[in-house]
Each structure stands twice: as structure tokens, then as C-alpha cells.
Amino acid sequence: MEVKNEARTVPDVDVDALVIVGFEGTPPEGHAAGQIKELYDSGEFSGKALEIAILHRPAGLKAKRLAVAGGGKRDKFDSAELRKLAGAAVRSLKAKGVRTIALSLDEAFRSDDFVAAAVEGAILGDLEADRYKTDPKKNEKQVDSFAVLGGSQSGLDRGRILAEAQNFSRGLSNEPANALTPTLLAERARQMASEYGLECEVLDQDRMRQLGMGALLGVSQGSAEPPALIILRYQPSTPAASKDHLGLVGKGVTFDTGGISIKPADGMEKMRYDMSGGANVLGAMRAIAQLKPAIPVTGIIPAVENMPGSKAQRPGDIVTSLSGKTVEVLNTDAEGRLILIDALTYAQRLGCTHLVDAATLTGAIVVALGNINIGAFSNNDAFCGKLIAAAKTEGEKTWQMPMDEEYKELLKSSFADLQNIGGRSGGSITAAMFIRDFVGELPWVHLDIAGTAWLDDAKPYMGKGATGVGLRTFVRLAETW
Ligand code: BES
Ligand code: MN
Ligand code: ZN
């Protein structure tokens with residue numbers, strides 16, 4: 001799907017469908033106003049968010065159809081609402097065989113952020129996780145172009161870069177684990193880095209042994225697939241004013257069986273998205289390479305497969321992490337935190353001054369926040385506030401969780417410095433407290449995306465599967481440093 005600006009005005013665009021926003025209460029004025037008012041009067045359309053009504057041969061327009069898309073309450077309409085509206089419009093019009101779409105926005109909603117959001121919604125809504133379906137008819141219904149009337153080039157470019165990066169991440173997370181092992185993920189990272197001019201380095205198992213990444217290697221030892229530690233570097237072309245250096249660390253478990261503490265069979269197939277944190281960091285680096293923020297950013301993805309087997313780590317095993325601290329592994333299914341601590345220690349050695357990690361870390365965060373909010377955990381409220389502000393701008397709902405000292409009690413081990421689980425209650429918090437022990441004094445935010453990285457069912461604005469959540473927040477955080 002091509003996205004573009006359209007200089008022609010409403011009556012002149014000869015697209016298959018022209019989309020306008022209709023808010024609750026008052027029908028939009030202007031072209032085809034009579035027909036639109038009839039729609040409202042009939043009760044068929046009320047302007048509620050994501051509603052869509054389609055008029056054929058709208059009066060006075062060259063467009064074949066006028067699609068009125070519900071914007072909800074006008075005073076609540078923001079770029080996040082527009083993103084969803086554009087996605088819903090593309091998905092529903094595509095299903096009807098529409099190939100060319102143009103979106104007309106009121107003057108008030110034509111700033112760069114709105115235009116970017118519209119383009120993002122369209123591109124995100126267009127992605128379907130159907131690449132393994134062989135039905136030749138599956139591509140018969142395709143949207144060829146999505147145009148924004150009177151949109152700015154900068155808004156359009158930003159939206160395209162972010163959404164294409166996000167679809168890249170979603171594509172990786174949607175891949176089955178047989179098609180995306182740690183080695184193959186590293187290969188994809190290398191390719192992407194060379195395409196966008198990022199430096200890429202991959203540490204192999206031998207190198208990680210030399211360095212002493214015992215926590216990460218303990219997780220990967222049960223798999224026939226070797227681990228990989230992927231490192232991507234972005235340097236701004238003009239030297240930065242400060243010494244700040246952002247590190248983005250993403251959990252890259254290409255499949256999580258739970259290991260010896262094996263998971264139940266029901267729903268285990270979804271654990272291919274346990275590398276979403278890593279995929280979304282990769283996508284963020286791809287967008288950062290193009291949007292060029294002023295601060296250096298390093299992306300680090302520890303990639304492993306968590307398998308049971310005769311070489312697998314056992315409950316009770318004690319591993320020595322890269323930091324030197326020892327960990328008693330009481331549950332091999334709490335593997336994400338084990339790979340993250342070695343990656344975060346390594347990030348500090350690479351000179352990162354601020355750390356953000358993203359991980360599908362706990363089922364407990366799904367219990368706490370459902371599938372709506374990312375859980376944020378931090379040792380630094382100012383930094384966390386900055387990240388949450390970036391998330392808000394980007395329409396990625398994020399909720400800060402508590403990190404009281406008292407929770408640390410639960411991680412005391414009888415035999416090692418720490419144990420890797422804290423028991424049933426407060427599971428997402430004890431997981432975060434565990435990681436916190438390895439970031440020292442550096443400002444750090446941990447994002448638990450277990451509830452938000454995957455859609456079990458399609459939304460009107462996005463297909464089933466991986467969401468790419470967090471990516472836009474990372475990029476905005478770097479841009480607004
Ligand atoms: N990858 C899972 C967490 C997860 C759960 C992600 C549901 C997405 C959806 C993680 O590695 C895990 O297994 N966590 C355990 C930790 C427990 C053993 C302390 C969990 O949440 O049950
Ligand atoms: Mn697990
Ligand atoms: Zn996991």
C-alpha cells in the first residue's frame with residue numbers, strides 16, 4: 001500500500017472511497033451534507049468511534065464512495081483516536097474491494113502528529129498475518145493507495161517510517177518459532193542494520209561464555225538452537241551535547257516452553273511471541289535510523305530458545321550472572337529476567353547511561369492490567385515520567401506500577417544471592433524487582449508487555465497477532481530527549 005499526500009480538494013479526488021470523520025451529535029457540513037444528514041437522522045450512523053457508513057455516488061464528489069467514519073466526541077478526538085479510525089477505515093474498505101482511499105481531515109486535525117497517526121493507522125491496519133496461507137485469492141482484495149488531503153510531507157514520512165517499522169516488528173513476532181530461531185533473528189537484524197545504516201554486532205555462545213553470561217546461557221543450554229546476543233548501534237551525525245546514551249533492551253525468547261518447569265499445552269503455541277520485546281526494539285532501531293534523533297541509541301536483544309531436554313537447566317540450579325551475582329533458578333519458566341539481567345549488565349559496559357527494557361515477562365501483568373496498558377516499573381520517577389509522556393503522545397497506554405523495597409524480601413534465596421521467582425502474589429512486581437538489582441543507579445524503566453504485545457482476536461483497526469507495542473514510545477523518547 002502506497003501512502004501519499006493529495007493536493008486536490010474534496011470534490012476533485014477520484015478515489016474509490018473518500019473518508020471523512022463524522023463526530024457524535026452534529027453531522028459534518030460541506031459536501032454531500034444532505035446525504036450525510038440523512039444518515040444521522042436515520043439512526044444508521046451516530047458518529048460513535050469506529051462506526052463506518054458508506055454512501056455511494058455522493059453528491060458533488062468525484063469519489064465513487066463517501067465513507068463516514070465515526071470519530072466519537074469531537075472534544076475527545078486526538079491522534080490516538082485518528083490512528084484507530086484510519087486503521088478501521090482501511091480494514092473495512094479493503095474487505096469491500098476498495099483499492100484507492102483518500103482521507104479528508106478538518107483543518108484542526110491536520111498537524112504533523114495527526115497526519116502521522118492517520119498514516120500509521122492505515123499501514124498498521126493493512127497488515128494481515130497470513131503469509132503462510134497459500135490460497136491464491138487471498139491477495140485479491142488489496143488497498144493500493146491511501147492519501148491524506150492536504151497533509152504535510154513531514155507528517156506523512158514520520159507516520160510511514162514508524163508504521164513500516166512496527167509492521168516489521170509485528171512480522172517477526174508473528175513468525176512461528178521454527179522459522180525464527182535466535183540465529184535467524186540475528187540474521188534478520190543484520191540485514192535490517194545494513195539496509196538502514198546501523199552498526200550491528202552479534203555475540204555468539206563462545207563469546208558469551210568468555211564474558212561469563214551464565215544467566216543467559218543457563219536458559220539457552222536446553223535448546224539445540226544456539227543463543228545470540230544482538231547489538232545494534234545508532235550514532236547521531238552531529239556529536240551530542242551531553243554524555244547521555246540510551247540503551248533499549250528487548251527480551252528475545254524465540255520460543256518459551258517453560259523449560260523443565262514446562263508450561264501447559266493449552267495456548268503454548270502463542271509463546272512464539274515471547275521475542276516481541278526484542279522485535280519491537282529492532283523495529284525501533286529501524287525507525288531511529290531514519291528519524292535520526294540527537295542521542296546515541298544502542299539496541300540489545302538477548303535471543304534464546306527456552307526448551308526442556310537432557311541438557312536443560314534444572315530447578316535449583318545456581319548460575320553466575322555477568323554481574324558476578326549468583327541466582328538460584330527455582331523455576332525455569334521465569335527465564336526472561338535471566339536473559340535480561342545479563343543483557344542489561346552488558347548495556348552498562350557498552351556505556352549506556354539510561355536503560356529501557358521491554359519484555360513479555362509475566363502472566364501476572366495480564367492479571368493486573370489486562371490487555372490495555374503496558375506495565376512500567378522504574379527506579380527513577382523522573383525518567384519513568386518522561387517515558388510515560390512519550391507513550392501518551394504515541395497512543396501506547398502505559399501504567400506505572402509500584403516498586404516498594406518490601407517486595408524484595410520475596411526474592412531472598414537460601415543458597416544464592418537471589419532467587420528467580422517471588423511466589424504467586426505481585427508476580428510482575430517481583431520480576432521487576434529482580435531485574436532492578438542489576439541496573440545499579442542508572443535510570444531504568446522496565447516495560448512488561450505480556451498483555452499488550454499480542455491480539456488474540458482482530459480489532460476493527462488491527463489484525464490478529466503481534467501489535468508491535470512500545471516501539472513508537474521508544475522512538476518518541478529518543479526524539480524528545
Ligand atoms: N513468557 C512468559 C510470560 C508470558 C505469559 C508472556 C503470558 C505472555 C503471556 C514468561 O517467561 C513466564 O513464563 N513467566 C512466568 C513466571 C513465573 C514462573 C514466575 C509466569 O508469568 O507465569
Ligand atoms: Mn517463561
Ligand atoms: Zn518467557
Side-chain angles (χ1 to χ4, degrees), residues 173-174 177 180 182 185 215-216 218-223 225 227 249-280 301-308 312-317 327-343 357-375 377 401 407 410-411 413 418-435 446-456 464-470:
S173 297
N174 285 337
L180 200 79
L185 182 63
L216 186 158
V219 175
S220 71
Q221 75 188 34
S223 173
E225 293 295 337
V249 177
K251 172 176 173 181
V253 176
T254 59
F255 197 77
D256 183 12
T257 64
I260 296 298
S261 314
I262 198 162
K263 288 179 180 297
D266 195 33
M268 202 204 274
E269 74 283 353
K270 274 185 17 186
M271 279 302 117
R272 67 174 184 274
Y273 88 88
D274 213 16
M275 34 57 73
S276 293
N280 303 350
I301 297 123
V304 303
E305 190 181 58
N306 189 22
M307 296 289 271
Q313 152 165 279
R314 295 141 291 247
D317 281 6
V327 179
E328 184 184 12
V329 180
L330 287 181
N331 189 315
T332 64
D333 197 11
E335 85 297 342
R337 61 199 78 181
L338 294 169
I339 68 170
L340 287 172
I341 59 171
D342 279 350
D357 78 70
T360 46
L361 204 66
T362 66
I365 200 66
V366 192
V367 176
L369 299 177
N371 308 110
I372 308 297
N373 272 280
I374 296 174
F377 303 82
M401 299 284 287
Y407 293 105
L410 300 164
L411 295 169
S413 160
L418 282 168
Q419 60 186 40
N420 77 329
I421 54 169
R424 278 187 67 79
S425 34
S428 65
I429 306 173
T430 49
M433 292 301 283
F434 178 86
I435 299 172
H446 155 61
L447 299 178
D448 195 335
I449 59 170
T452 46
W454 186 266
L455 290 175
D456 282 327
K464 177 175 176 159
T467 62
V469 76

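Order of appearance sets the numbers: ligands from 1, and atoms from 1 within every ligand.
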- Query: Do you see an N/O/S atom of Asp274, backbone or side chain, under 2.8 Å from the Mn ion (ligand 2)?
  - Reply: no
- Query: So which of the N, O or S atoms of Asp256 lies nearest the Zn ion (ligand 3)?
  - Reply: OD2
- Mind checking whether Asp333 and Asp256 have side chains closer than 4.5 Å, heavy atoms only? yes
- Task: Please find out if the Zn ion (ligand 3) and some N, O or S atom of Leu361 are separated by less than 2.8 Å.
- Result: no
- Message: Could you identify the N, O or S atom of Asp274 positioned closest to the Zn ion (ligand 3)?
- Response: OD2
- Item | 4.5 Å side-chain heavy-atom contact, Thr257 and Met271 | no
- Message: Given Leu338, which partner from the list Ile435, Leu216, Val329 fulfils the side-chain contact (heavy atoms from CB on, under 4.5 Å) test?
- Response: Val329
- Do Ser276 and Ser173 meet the criterion of a side-chain donor-acceptor pair at a distance under 3.5 Å? yes
- Query: Are any of the side-chain nitrogens in Lys251 or Asp357 under 4.0 Å away from the carboxylate oxygens of its partner?
  - Reply: no
- Of all N/O/S atoms in Glu335, which lies nearest to the Zn ion (ligand 3)? OE2
- Within a reach of under 6.0 Å around CG of Asp456, are more than 12 heavy atoms found that belong to other residues, nucleotides or ligands? yes
- Task: Give, rounded to 10 degrees, the angle between OD2 (Asp256) and OE1 (Glu335) as seen from the Mn ion (ligand 2).
- Result: 100°
- Message: Using only atom types and a distance under 3.5 Å, with no angle test, would you say the side chain of Asp448 pairs donor to acceptor with the backbone of Leu361?
- Response: yes
- Message: For the backbone of Pro315 and the side chain of Thr332, can you confirm whether one donor and one acceptor N or O come within less than 3.5 Å of each other?
- Response: no
- Task: Going by the side-chain contact (heavy atoms from CB on, under 4.5 Å) test, name the single residue among Asp342, Val249, Val219, Ile341 that passes it with Pro302.
- Result: Val249
Are any protein N/O atoms closer than 3.5 Å to the N/O atoms of ligand 1? If there are, list each pair with names and the distance to one decimal place.
residue: ligand 1; atom: 1 (N); partner: Lys251; partner atom: NZ; Å: 3.3
residue: ligand 1; atom: 1 (N); partner: Asp256; partner atom: OD2; Å: 3.2
residue: ligand 1; atom: 1 (N); partner: Asp274; partner atom: OD1; Å: 2.9
residue: ligand 1; atom: 1 (N); partner: Asp274; partner atom: OD2; Å: 2.9
residue: ligand 1; atom: 1 (N); partner: Thr360; partner atom: O; Å: 3.3
residue: ligand 1; atom: 11 (O); partner: Lys251; partner atom: NZ; Å: 3.2
residue: ligand 1; atom: 11 (O); partner: Asp256; partner atom: OD2; Å: 2.9
residue: ligand 1; atom: 11 (O); partner: Asp333; partner atom: O; Å: 3.1
residue: ligand 1; atom: 11 (O); partner: Glu335; partner atom: OE1; Å: 2.8
residue: ligand 1; atom: 11 (O); partner: Glu335; partner atom: OE2; Å: 2.9
residue: ligand 1; atom: 13 (O); partner: Lys263; partner atom: NZ; Å: 2.8
residue: ligand 1; atom: 13 (O); partner: Asp333; partner atom: O; Å: 3.0
residue: ligand 1; atom: 13 (O); partner: Asp333; partner atom: OD1; Å: 2.7
residue: ligand 1; atom: 13 (O); partner: Asp333; partner atom: OD2; Å: 3.1
residue: ligand 1; atom: 14 (N); partner: Leu361; partner atom: O; Å: 3.4
residue: ligand 1; atom: 21 (O); partner: Gly363; partner atom: N; Å: 2.7

